[in-house]
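Heads up, the thing below is written out as structure tokens.
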Amino acid sequence: MATALAGRLGRGELRGSGEVAAATAGLLRRIVAHGRWSNAGELLQLIRAESRRVIAAEPSETTVGNIIRRVMKIVREEYSRLRGRGEEGDQDSLHKLLTSGGQSEDLSETLAPLRTNVIEAVNELLLELDGIQDNISVQALDHIHSNEVIMTLGRSAAVEAFLRDAARKRSFQVIVAEGAPYCQGHDLASSLSAAGIETTVITDAAIFAVMSRVNKVIIGTKTILANGGLRAVIGAHTLALAARHHSTPLIVCAAMYKLCPQFPNEENTVHKFVSPQEVLPFTEGEILCKVSTYCPVFDYVPPELITLFISNIGGNAPSYIYRLMSELYNPDDHQL
């Protein structure tokens with residue numbers, strides 16, 4: 001069952017984290033419905049085995065692992081509910097979270113309604129994924145005010161929807177850093193301009209020079225790390241440093257399925273490199289043989305440079321990420 005999704009990920013057929021999240025949740029629903037298992041422990045082992053094949057196809061796509069962890073938490077919650085423990089573990093204290101290491105729950109009891117209950121819960125998760133963009137953009141009027149100058153970088157679907165929603169009742173200007181080498185900022189600028197928003201495109205090198213005019217910086221991200229930092233599009237760290245120098249708030253629009261239990265010092269958390277063709281074309285043969293060119297895809301942005309996260313469940317400071325992590329994922333599932 002996982003082979004088809006792994007193939008689509010490897011070929012790059014899924015565009016954006018939203019599509020990846022929905023496809024992963026759909027795969028897990030099929031595993032729960034048609035897989036061979038008799039208790040929660042066997043189901044978790046089956047999900048873990050299938051998930052490794054999908055993650056191996058595109059290790060940098062952390063959304064896959066996050067949705068898998070979310071569903072595994074659902075399985076554990078439904079199992080506990082059927083055994084009569086209700087919501088006991090949902091609101092653990094910090095003391096419990098720190099002292100519960102090494103204690104594993106017995107998941108071997110066979111419970112007939114478990115399959116149906118988990119499928120219903122995954123269906124609810126899919127409905128939640130469908131409405132995530134709206135839940136983020138509806139908060140735009142609380143953060144964007146008239147005559148403000150907003151800066152963003154590259155193109156993020158969440159940021160685009162956020163700005164479009166605010167433009168219904170607010171008049172403001174957007175400055176878009178192009179996001180070299182792929183320059184997706186040009187596409188965002190065209191889209192915003194078509195929606196009637198005054199938009200200016202600048203090169204990444206001009207970010208610091210223009211920042212003094214900016215009231216807020218709003219960006220998207222690929223991943224929210226466990227310490228509250230970001231794995232975002234290349235150039236985001238430069239933008240965040242310029243914002244801090246000018247005391248400009250940095251707001252991150254991101255769905256909760258981008259929250260990942262990895263830390264920035266773990267292997268392959270941030271680093272991904274692609275062909276430098278966009279930076280130094282292969283037609284420059286004489287130069288190519290004399291230099292080594294690296295083209296990273298992501299930047300790491302530390303949590304101290306971030307002012308606020310806006311997600312589908314509201315606004316939170318980077319220091320609150322640990323709490324969201326405990327609500328969404330079980331500590332036993334951090335390592336898949």
Side-chain angles (χ1 to χ4, degrees), residues 1-2 5 21-52 54-55 62-132 135 224 226 255-261 311-314 316 320-336:
M1 283 185 277
L5 179 57
T24 305
L27 168 67
L28 294 172
R29 180 173 60 182
R30 291 193 297 274
I31 291 174
V32 173
H34 305 297
R36 293 183 179 181
W37 55 273
S38 59
N39 56 56
E42 292 180 4
L43 175 56
L44 291 177
Q45 288 299 322
L46 179 61
I47 291 174
R48 205 183 296 270
E50 293 288 335
S51 68
R52 287 173 182 153
V54 180
I55 292 171
T62 54
T63 300
V64 174
N66 298 339
I67 293 294
I68 290 167
R69 294 181 185 96
R70 182 84 177 272
V71 172
M72 292 174 79
K73 176 73 179 279
I74 287 172
V75 173
R76 294 176 186 275
E77 288 177 344
E78 293 299 330
Y79 179 79
S80 296
R81 191 173 290 113
L82 287 172
R83 292 190 68 189
R85 290 206 292 273
E87 305 292 330
E88 177 186 276
D90 289 355
Q91 296 295 331
D92 292 334
S93 66
L94 179 59
H95 175 73
K96 274 189 180 180
L97 295 174
L98 294 174
T99 58
S100 62
Q103 300 178 5
S104 58
E105 185 180 6
D106 178 21
L107 301 171
S108 60
E109 184 178 340
T110 300
L111 300 169
L114 181 61
R115 190 184 299 263
T116 304
N117 289 8
V118 173
I119 291 173
E120 289 177 358
V122 175
N123 286 336
E124 291 176 6
L125 175 61
L126 282 164
L127 287 175
E128 178 187 325
L129 293 176
D130 285 339
I132 274 181
N135 292 334
I224 304 172
M256 273 295 96
Y257 59 71
K258 294 189 176 184
L259 181 58
C260 179
S311 70
N312 48 296
I313 61 173
N316 298 106
Y320 194 71
I321 290 299
Y322 85 93
R323 186 66 202 178
L324 296 175
M325 195 83 63
S326 69
E327 292 176 1
L328 292 175
Y329 310 132
N330 187 287
D332 294 336
D333 302 329
H334 287 183
Q335 294 297 326
L336 294 173

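Worth knowing before you read on, the calculation uses all heavy atoms, side chains too, and leaves out hydrogens, waters and symmetry mates.
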Within this structure, what is the [atom1]-[atom2] distance for the pair [X] and [Y], rounded to the nearest 0.5 Å?
X	Y	atom1	atom2	result
Ser51	Leu28	OG	CG	8.0 Å
Glu77	Lys73	CD	NZ	5.0 Å
Ile55	Ile68	CD1	CD1	4.5 Å
Tyr79	Ser108	OH	OG	5.5 Å
Ser80	Leu111	OG	CG	10.0 Å
Tyr320	Met325	OH	CE	12.5 Å

Is there a side-chain contact between [X] and [Y], using heavy atoms and a 4.5 Å cut-off?
X	Y	result
Glu50	Leu27	no
Glu120	Glu78	no
Pro261	Asn66	yes
Arg115	Trp37	yes
Leu324	Ile224	no

Heavy atoms only: give me the nearest [X]-[Y] pair and the separation to one decimal.
X	Y	value
Tyr257	Tyr329	O-OH, 4.5 Å
Ala23	Leu5	CB-CD1, 3.8 Å
Ile74	Ala121	CG2-CB, 3.4 Å

Among all residues two or more places apart in sequence or in another chain, which pass the side chain to side chain donor-acceptor pair (under 3.5 Å) test with [X]?
X	answer
Glu124	none
Thr24	none
Arg76	Asp333
Gln45	none

Just to verify, what does Glu109 make a salt bridge (Lys or Arg N to Asp or Glu O under 4.0 Å) with, not counting sequence neighbours?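 Glu109: salt bridge (Lys or Arg N to Asp or Glu O under 4.0 Å) contacts with Arg83.
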
Is Arg69 reaching over with its side chain to a backbone N or O of Asn330, donor-acceptor style, under 3.5 angstrom?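 Side chain of Arg69 to backbone of Asn330, a donor-acceptor pair under 3.5 Å: no, none is there.
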
Is a donor on one side and an acceptor on the other found under 3.5 Å between the side chain of Asn312 and the backbone of Ala255?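 Flag not set: sc Asn312 to bb Ala255 has no pair under 3.5 Å.
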
Identify which one of Val118, Asn117, Val122 satisfies the side-chain contact (heavy atoms from CB on, under 4.5 Å) criterion when paired with Val75.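 For Val75, the side-chain contact (heavy atoms from CB on, under 4.5 Å) test succeeds with only one of Val118, Asn117, Val122, which is Val118.
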
Show your working on side-chain contact (heavy atoms from CB on, under 4.5 Å) between Ile321 and Asn316 and close with a plain yes or no. CA-CA 8 Å; Ile321 290 299; Asn316 298 106; 5.7 Å; no

Could you work out, with side-chain contact (heavy atoms from CB on, under 4.5 Å) as the rule, every residue matching [X], not counting sequence neighbours?
X	value
Asn123	Arg29, Ile119, Leu126
Ala22	none
Leu328	Arg70, Met256, Leu259
Thr110	Ser38, Asn39

